[in-house]
Amino acid sequence: MPELPEVETTRRGIADAVIGRTITAVSIRERRLRWRVAPGFEAQLVGQRVISVARRAKYLLIGLERGTVLVHLGMSGSLRVLPAAAAVKPHDHVDLQLSSGHVVRYNDPRRFGSFHYVTGAAEEHQLLASLGPEPLHDEFDALHLRRLARGRRIAVKQFIMDSHVVVGVGNIYASEALFRAGVRPGRAAGRLSGAQVAGIVAAIKAVLSEAILQGGTTLRDYVNTDGLPGYFRQKLFVYERAGEPCRNCGTAIRSRVQGQRATYWCPECQT
DNA sequence: ATGGGCACCTGGCTGC
DNA sequence: TGCAGCCAGGTGCCCA
């Protein structure tokens, strides 16, 4: 489910509710997430005040007084801020009880998400240490992408979804960015022109920024911290639109499986 | 190093 | 109606 815009929307949604509050209790109903939640996780959090809520790639970093909680939403995870007494629903796996009387509740049907508690510099944690640049930061530019693409035969769509190249570009926004850049997803990354690389960088930044403004994309499960969907779906040009007319030229959108993921493109607008 | 494929898991939809 | 099969916003790991 969540790509960078959905995670960023979640970050903004929980920030005001948690910053300055103390975690008074942690309850875990299901420890078997992508990785089993470590024994002692609850005890390490309880009593600590929340200092910050940041994001790195698709990870949320909940900064506490003595450490950081690393949360990943996987494919189907979401965090909501609810009154402490709110009824528990299926797949509500983790609760962070706050001194405000609210609870940050993690729901994840597929259990591909994760929770870690990290002491010391969170960015040095194994899961974060080798990640590429943030797509919306200045260090992600045409020069960077061109340098990494040199000699690579991998399809450009899989290339921009590689977290060593740039983080946060998932299956929806990879197709959408390549449509905007006018580049076919199967093109070899190393054979793109400088102008195409620059166009892809600009398109990634634009599509992610716009999606954040719309609160992300809801296809199936995703909801923000208030339980509401994201509205970017209406702005999608190609994703899950196979056979439908291109919004630009009317040609039927095509799809195929690439790297075990569905890919969508317009055969007329993308070369 | 690079690229490809698998695994983890549940739920919703399709078609027989 | 029932059920098998397929598909889904991610990503770490193993293999050639």
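Every chain is numbered from 1, with letters handed out A, B, ... down the list of sequences.
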### Query
Side chains of Gln48(A) and Tyr117(A): is there a donor and an acceptor less than 3.5 Å apart?
yes
### Query
Which dot-bracket string describes DNA chain C (Watson-Crick N1-N3 plus N6-O4 or O6-N4, or G-U N1-O2 and O6-N3, all under 3.5 Å; [ ] crossing; | other strand)?
.|||||||.|||||||
### Query
Within this structure, what is the CZ-to-P distance between Arg32(A) and dA7(B), rounded to whole angstrom?
19 Å
#### Entry: Separation between the P atoms of dC6(B) and dC6(C), rounded to whole Å
14 Å
### Query
Is any NZ, NE, NH1 or NH2 atom of the basic residue among Lys205(A) and Glu210(A) found under 4.0 Å from an Asp or Glu carboxylate oxygen of the other?
no
### Message
Are there over 12 heavy-atom neighbours, none belonging to Arg247(A), within less than 6.0 Å of that residue's CZ?
### Response
yes
### Query
Can you tell me if Ser76(A) and Tyr222(A) form a side-chain donor-acceptor pair at under 3.5 Å?
no
### Query
Do NZ/NE/NH1/NH2 and the carboxylate oxygens of Glu42(A) and Arg31(A) come within less than 4.0 Å?
yes
### Query
Using atom P of each nucleotide, how far apart are dC9(B) and dC3(C) to the nearest Å?
23 Å
### Summary
Protein heavy-atom contacts under 4.0 Å, written 5' to 3' over nucleotides 11-16 of chain C as B (base), S (sugar-phosphate only) or - (none), form the string BB----
### Query
What is the distance from CG of Asp108(A) to P of dC8(B), rounded to the nearest Å?
16 Å
### Message
Please confirm whether the shortest side-chain N or O distance from His91(A) to OP1 or OP2 of dC9(B) is below 4.0 Å.
### Response
no
### Query
CG of Leu33(A) versus C1' of dC8(B): gap in Å, rounded?
11 Å
### Atom pair distance, as rounded to whole Å: CG in Asn107(A) and C1' in dT10(B)
11 Å
### Query
Out of dG11(B), dC9(B), dG10(C), which nucleotide sits closest to the side chain of Glu3(A)?
dG10(C)
### Query
Looking across every strand, which nucleic acid part, if any, lies under 4.0 Å from Arg220(A) by heavy atom: base, sugar-phosphate, or nothing?
base
#### Entry: Atom P, compared across dT11(C) and dA1(B): separation rounded to whole Å
23 Å
### Distance-only donor-acceptor test (3.5 Å): side chain Arg110(A), base dC9(B)
yes
### Query
Does the pair Arg233(A)/Glu240(A) count as a salt bridge with the N-to-O cut at 4.0 Å?
yes
Using nucleotides 1-3 of chain B, report all nitrogen or oxygen pairs with the protein that are shorter than 3.5 Å.
{"residue": "dG3(B)", "atom": "OP1", "partner": "Arg153(A)", "partner atom": "N", "Å": "2.8"}
{"residue": "dG3(B)", "atom": "OP1", "partner": "Ile154(A)", "partner atom": "N", "Å": "2.9"}
{"residue": "dG3(B)", "atom": "OP2", "partner": "Arg152(A)", "partner atom": "NE", "Å": "2.5"}
{"residue": "dG3(B)", "atom": "OP2", "partner": "Arg152(A)", "partner atom": "NH2", "Å": "2.3"}

### Query
dT10(B) P sits how many Å from Leu219(A) CG, rounded?
22 Å
### Approximate separation, where rounding is to 0.5 Å, of Lys58(A) NZ and Ser163(A) OG
8.5 Å
### Query
Quick check, are the ring centers of Phe237(A) and Phe179(A) under 6.0 angstrom apart?
yes
### Query
Got a sec: does the CZ of Arg29(A) have more than 12 other heavy atoms crowding it under 6.0 Å?
yes
### Task
Could you tell me whether the side-chain ring of Phe112(A) sits stacked on the base of dC9(B), using a centroid cut-off under 5.5 Å and a plane angle under 30°?
no
### Message
Could you tell me how far apart His93(A) (NE2) and dC9(B) (P) are, to the nearest whole angstrom?
### Response
12 Å
### Task
Could you tell me whether Gln126(A) atom CD has more than 12 heavy atoms of other residues or ligands within 6.0 Å of it?
no
### Query
Separation of Glu30(A) atom CD from dC9(B) atom P, in whole Å?
10 Å
### Query
With a 4.0 Å cut-off, would you call Glu134(A) and Arg56(A) a salt bridge?
yes
### Message
Quick test of your reading of the model: are Glu8(A) and Arg12(A) salt-bridged, counting only N-O distances below 4.0 Å?
### Response
yes
#### Entry: Nucleotide dG10(C), atom P - distance to CZ of Arg55(A) in whole Å
14 Å
